[in-house]
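Contents: one structure, followed by commentary.
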Amino acid sequence: MKQLLEVEDIRKAFVMRSFSGKKRVQAVRGVSFTLRQAETLGLVGESGCGKSTTGRLVLGLLRPDAGTVIFNGHNIHRLQPRQLRLLRREIAMVSQDTTGSLNPRMTLQELLEEPYRVQHLLEKDERRQKAADLAEEVGLGQSALGKYPHEFSGGQRQRIAIARALALKPKLIVADEPASALDVSVQAQILNLMRDLQQHNSMAYLFISHDLPVVEFMSHRIAVMYLGEIVEIASRDQIYSAPRHPYTRALLDAIPQVSSGRKGTPLRGEIPSPTSPPQGCAFHTRCPQVMNICRRESPPLTVFGDHVVTCHLASDSDSEYADPTETSDDISGCGEA
Amino acid sequence: MTDFPESSIALLTVSGLSIDLRLAGRWVPVVTDVSFSVHRREAFALVGESGCGKTLTALAVIGLLPSVARMRGSVKLDGRELTTLQARARRKVAGREIGFIFQEPQSALHPVLTIGEQLTRPMRVHLGLSRQAAIKRAKDLLEQVQIPKGRRIFQEYPHHLSGGMSQRVVIAMAISCNPRFLIADEPTTALDATVQEQILDLLLGLRRDLGIGLLLISHNLGLVAQYSDRAAVMYAGEIVEADQTRRLVSQPLHPYTIGLLRAVPHLGQKVERLQAIPGYVPAVEEMPVGCRFAERCTVMCEKASNHPDLRPHADGARARCWVPQGDRATS
């Protein structure tokens, strides 16, 4: 099947000025992935791993230092302003902070009409009708159309943001922590809504979150990021039941679960600064299975079907994780590791 | 996990705690009739969603309620009533006998004082230590909270530290005056998953080694399940269920607890839909007189227009529900 989005080796660094001089923060260091139509790719990692920057590069809100983002066959960073405007109908975003993204002086009616108005679409009456339909579709009801953002709760405001993203029937929605600011009982409503809308409208999601269980619930495939790189990318079942990267395993172990007891020992230390990522494998400073080679050489990409991992252990033929046919054995192997 | 009968002498006893906030010129109840007790070496958790009153309850325990709040009820530490103490005496208790760990370590630390300065000051004030003695103890404390090369960060400022390191420093400050009780309000919510684990292991280790009581406040039931002995679930300003944590999460009685457990995705569960709790928490100004959860509850209940009490059930569990769920419910 044709890819909707192809991201190829994108890189982005920011220059930070402080008292002690300039520093280059290497936010994204060579990220590649693809996304099919109506598919959800979860982008998961801890703070500062570059997942939000990756989202902004895909949206075209940031220009990469290197690499390409191809959407529907077009390099989005090479488009003329007019074409870029048309692209905005195809890619939409939902962000975490609804207080910052909804104009406090607009009513729900105006907020929902705005995407059509900005794109010069539809007549006034049609826009009115569309706004009412959208409010209904995301479960706000037409009676709310006259209200202002502050009159809604956090969960309802996130519904507004989703309705606005949905308005122009985009092919891709980049959702950056869309439910993280919400309480769990309301978070579930928003996640269910997003999954329902995907089934009705068959758009693709790039779903960015630090919350692995939420990403697992939402995604078909999951990419795990660490210090600006994707360390592992696979289907959600493989990430959960047969993770190959030690960092993915540590992330899975670190999540406090209601049902299970304590698992392995926690990872040591903290994420190194993205201004000076470690030599060799970026994870070697914290890896419980670190080897000499990890300190010197960055690990190669190892591909097992649609399961891609960057780890010296995975590329080492003696490793217990090397045989792609033994996925079921890998589960027991993980427990011992 | 140990079972403590409610009657044995507790370290901290909160009874009948109610808190009102002054909103737009009138007093609005935000915490209603909260009672619980915490024993030595026990980790007790208050769990609930934002606005349920868990943080205000903690602030009332330590006596740091904002000026727009008023409270009724009793807070006893080792049998001594704290609410009737004069402000000066109260501060002494707050600083010395109860340690408090805040959610945002970066804002809990003073930005222009070195870590060493901030760490030694409470010990000089509350314990009357000399400068040299305070510095020596501070270095031991940094070791205790597992900060490698503790000496080096002595001269540094909070902005040099990562979130996890700052939280370790805040914990070191909280235990510096040998408190008998620790309150940790969402101690890891601002931290990454892999660091969260380290900090919670540290807190539980300290509780054991120092023999103190711990009040853990969190919105995360999974975290509470792994890191507390007993827990109370709060909803709309009230405790709706309290029990030993292991039973609370495996055989919950209250429909809200059940709803919370089902609403979050669990790893490896592979469900198509989450069971969201419909609707929203009622606003504090419009609190229903009957059962506060009735509007969102999945259970049909004829008595919902009357306010249910927190009633005892088997094995010391308590639930505020007319129709408690599961086999353990005794009516």
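- The shortest side-chain heavy-atom distance between Gln156(A) and Tyr280(B) falls under the 4.5 Å cut-off.
- Rounding to the nearest 0.5 Å places CD of Gln196(B) at 9.5 Å from CD1 of Ile255(A).
- In terms of heavy-atom pairs under 4.5 Å with chain B, the best-connected choice from Leu251(A), Leu212(A), Asp237(A), Val186(A) is Asp237(A).
- Although no hydrogens or angles enter the test, the distance criterion places a donor-acceptor pair under 3.5 Å between the side chain of Asn192(A) and the main chain of Leu274(B).
- For Arg262(B), no part lies near chain A; criterion is any non-hydrogen pair under 4.5 Å.
- In terms of heavy-atom proximity, Leu267(A) sits nearest to Glu197(B) at N-OE1, 4.4 Å.
- Between chain A and the residues Gly259(B), Ser250(B), Ala193(B), Gly163(B), the largest count of heavy-atom pairs under 4.5 Å involves Ala193(B).
- Neither the backbone nor the side chain of Ile190(A) comes within contact range of chain B; no heavy atoms are under 4.5 Å apart.
- Between Glu216(A) and Gly268(B) the shortest heavy-atom distance is OE1-N, 2.8 Å.
- Proximity to chain B (any heavy atom under 4.5 Å) is restricted, for Leu191(A), to the side chain, taken from C-beta onward.
- Heavy atoms closer than 4.5 Å to chain A are found in the side chain of Leu261(B), but not in its backbone.
- When all heavy atoms are compared, the tightest approach of Ala188(A) to Ala263(B) is CB-O, 3.4 Å.
- In this structure, Leu191(B) CG and Glu270(A) CD are separated by 7.5 Å, a value rounded to the nearest 0.5 Å.
- Scanning all heavy atoms of the two residues, the minimum distance from Glu49(B) to Asp183(A) falls at OE2-CB, 3.0 Å.
- In the displayed structure, Glu295(B) atom CD is contacted under 6.0 Å by at most 12 heavy atoms of other residues, nucleotides or ligands.
- For the pair Asp192(B)/His210(A), no side-chain contact is recorded, criterion being any heavy-atom separation below 4.5 Å from C-beta on.
- Residues Pro265(B) and Met218(A) are not in side-chain contact: their nearest non-hydrogen atoms beyond the backbone lie 4.5 Å or more apart.
- Listed options Arg236(A), Gln187(A), Arg268(A), Gln189(A) were ranked by heavy-atom pairs under 4.5 angstrom with chain B; first place goes to Gln189(A).
- Asp211(A) does not touch chain B: none of its heavy atoms, backbone or side chain, sits under 4.5 Å away.
- Annotation for Gln257(A) and Leu267(B): closest pair OE1-N, 3.6 Å, computed over non-hydrogen atoms.
- Proximity to chain A (any heavy atom under 4.5 Å) is restricted, for Val264(B), to the side chain, taken from C-beta onward.
- Between chain B and the options Ser47(A), Gly45(A), Gly154(A), the largest number of non-hydrogen pairs under 4.5 Å is found for Ser47(A).
- Contacts between Ser153(A) and chain B at a heavy-atom distance below 4.5 Å involve the side chain alone, from C-beta outward.
- Annotation: maximal heavy-atom pairing with chain A below 4.5 Å, among Val249(B), Thr194(B), Val195(B), occurs at Thr194(B).
- Among the candidates Glu272(B), Met165(B), Gln275(B), the residue making the largest number of heavy-atom pairs closer than 4.5 Å to chain A is Glu272(B).
- Listed options Val214(A), Ile271(A), Ile239(A) were ranked by heavy-atom pairs under 4.5 angstrom with chain B; first place goes to Val214(A).
- The shortest non-hydrogen separation linking Leu260(B) to Val184(A) is CD2-CG2, 3.4 Å.
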